[in-house]
Amino acid sequence: MKAVAKTKRESGLEVIETDPDKFNDDQVLLRMRSASICGSDLGFYNYTPAYQKFAKIPVIMGHEFAGEIARVGKNVKDFAEGDRVSSESILYCGKCRACRIGLTNICQNFTVFGMHRNGGFAEDVALDPKYLHRIPNEVSFSEAGVVEPLSVIVNALEDVGAKIAAGEKACVIGPGPLGLFSAEILRVKGVKDILILGIGIDEFRLGIARDKLGYHTINTEETNPAEMASSMTDGYGFDTVIVTAGAPAALRSAIPIVSKGGQIIVVGIFADEVPLLASDLVRKQVSMRGSYASNWKHYEEAITLLKNKMVRADDVITHQFDLSGADEAFQMAKAKTGCKVQFKN
Ligand SMILES: [Zn+2]
Ligand SMILES: [Zn+2]
């Protein structure tokens, strides 16, 4: 089968021909139909320090994927050939304290598809059924390929962040797929005034946010967001600021625009340490929390949001490539001339 793999401890990837993934009696073999490139895949592609220690090489990449069950191990009772499913991205132990209190996303012994174990940028992938979620017919395979990133935002805005009330105001820093999904879920929660911040390289993505999804946007390299933030919030600042970009400047810019008593939720992964205006954080009594990945219920809720057409995923998914076009797909994702870039099969 064809697969997109990380084979060398350096920047880049390789499209390989390899044996079909072996599956045991307790597993299913998934025929991939859609698999999305994530920001972390770009970090792994570039082989930045954060991934040099984290990942295992060689490995087939990809942790955001969905498809159809092609074969079923003989001990598997819950799934049948032809079932449409999406996979979770984190492999968890089920035994540690975090797992036992339901936080499988921050399992003490977690590993990730496409980094520690072969992932979804392949024609087929063997999976334990416990990581699978059923995809209803109302949800396309393309949409099913973004259940994982959508679930990450469901976790961040529902379980990690403090309750968000209708009529509140929010700012999203970073207009990538996670940022646009953040805005969509904030809108579903009744947040009316949503500002999305990006920089020059985000032009294409800011265009989607503004022209297709109807949000206020600012390129912070051209315009200081302070004035817009103030006029949108009567000078009070945003109740919620979610930081999806992994740039230090993105996180630093959250503190001046969050309201007194407001919350900052951080989803981006940072290559460097970030110096912060800590005294402003204290004097404004701002709560700041990190949010990582997602667990079972967040996937189920993400699927429900897609099924009920509450989130406009089709505007966020802009390009699809065959596995053989992996180089072009990654170049596009890196240059941000696409928003969510997917593989199809
Ligand atoms: Zn991801
Ligand atoms: Zn665990």
Side-chain angles (χ1 to χ4, degrees), residues 4 6 13 32 34-46 48 50-51 54-55 59-66 86-122 125 128 130-131 133 142-157 160 174-182 185 205 242-246 266-271 290-299 302-303 306 311 313 316-317 326 329-330 333-334 336 338-343:
V4 178
K6 189 84 185 165
L13 57 75
M32 184 274 277
S34 70
S36 303
I37 298 177
C38 169
S40 63
D41 294 320
L42 301 180
F44 190 27
Y45 175 99
N46 290 331
T48 57
Y51 294 93
F54 186 69
V59 70
I60 294 171
M61 302 173 77
H63 61 269
E64 303 178 359
F65 57 98
S86 181
S87 175
E88 294 188 16
S89 59
I90 303 265
L91 296 116
Y92 52 87
C93 75
K95 293 173 185 155
C96 71
R97 185 172 182 278
C99 280
R100 283 172 192 248
I101 61 172
L103 299 174
T104 55
N105 53 314
I106 46 172
C107 166
Q108 203 75 35
N109 308 303
F110 86 98
T111 52
V112 184
F113 281 107
M115 292 199 184
H116 304 101
R117 167 208 189 291
N118 284 343
F121 294 172
V125 51
D128 292 341
K130 71 171 181 177
Y131 298 117
H133 294 261
S142 170
E143 291 174 307
V146 296
V147 164
E148 195 270 355
L150 188 57
S151 74
V152 168
I153 300 303
V154 171
N155 183 26
L157 294 176
V160 174
L178 289 180
L180 299 183
F181 286 147
S182 298
I185 291 180
R205 295 168 170 193
I242 179 163
V243 183
T244 62
V266 188
V267 179
I269 299 282
F270 299 83
S291 184
Y292 185 67
S294 52
N295 56 51
W296 188 89
K297 67 175 175 174
H298 307 122
Y299 283 87
I303 291 165
L306 292 169
V311 166
V316 178
I317 303 161
F330 267 76
K334 275 171 73 172
K336 303 183 200 274
C339 193
K340 199 53 155 170
V341 180
Q342 285 187 329
F343 294 109

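Ligands are counted one by one from 1 in listed order, and the atoms in each one are counted from 1 as well. Just so you know, residue 1 is the first one in the sequence shown, and it goes up from there. Just so it is clear, the values below take in all heavy atoms, side chains as well, and ignore hydrogens, waters and symmetry mates. Just so it is clear, the structure is predicted and the values come from calculations on it, not from any experiment.
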Checklist entry - By residue and atom, what protein N/O/S atoms are less than 2.8 Å from the Zn ion (ligand 1)? => result Cys38 SG, His63 NE2, Glu64 OE2
Next on the checklist: Measuring only between side-chain heavy atoms, which start at C-beta, is Arg117 closer than 4.5 Å to Thr111?
Outcome noted: no
Checklist entry - Parallel, tilted or perpendicular: which describes the rings of Tyr131 and Phe113, with under 30° parallel and over 60° perpendicular? => result perpendicular
Checklist entry - Do Cys93 and Gln108 have side-chain heavy atoms sitting under 4.5 Å apart? => result no
Checklist outcome for this item: Within a distance under 2.8 Å of the Zn ion (ligand 2), the protein atoms of type N, O or S are Cys93 SG, Cys96 SG, Cys99 SG, Cys107 SG
Checklist entry - Under the ring-ring contact (aromatic ring centres under 6.0 Å, His included) test, which residues partner Phe181, sequence neighbours left out? => result none
Checklist entry - Would you say Val154 and Lys297 make side-chain contact, with heavy atoms under 4.5 Å? => result no
Next on the checklist: Checking Phe270 now: which residues fulfil ring-ring contact (aromatic ring centres under 6.0 Å, His included) with it, not counting sequence neighbours?
Outcome noted: none
Checklist entry - Can you check whether Phe121 reaches Ile37 side chain to side chain, under 4.5 Å on heavy atoms? => result yes
Checklist entry - Counting only heavy atoms not in Lys95, do more than 12 fall under 6.0 Å of its NZ? => result no
Next on the checklist: Ring-plane angle category for Phe54 and Phe110, please: parallel below 30°, perpendicular beyond 60°, tilted otherwise.
Outcome noted: tilted
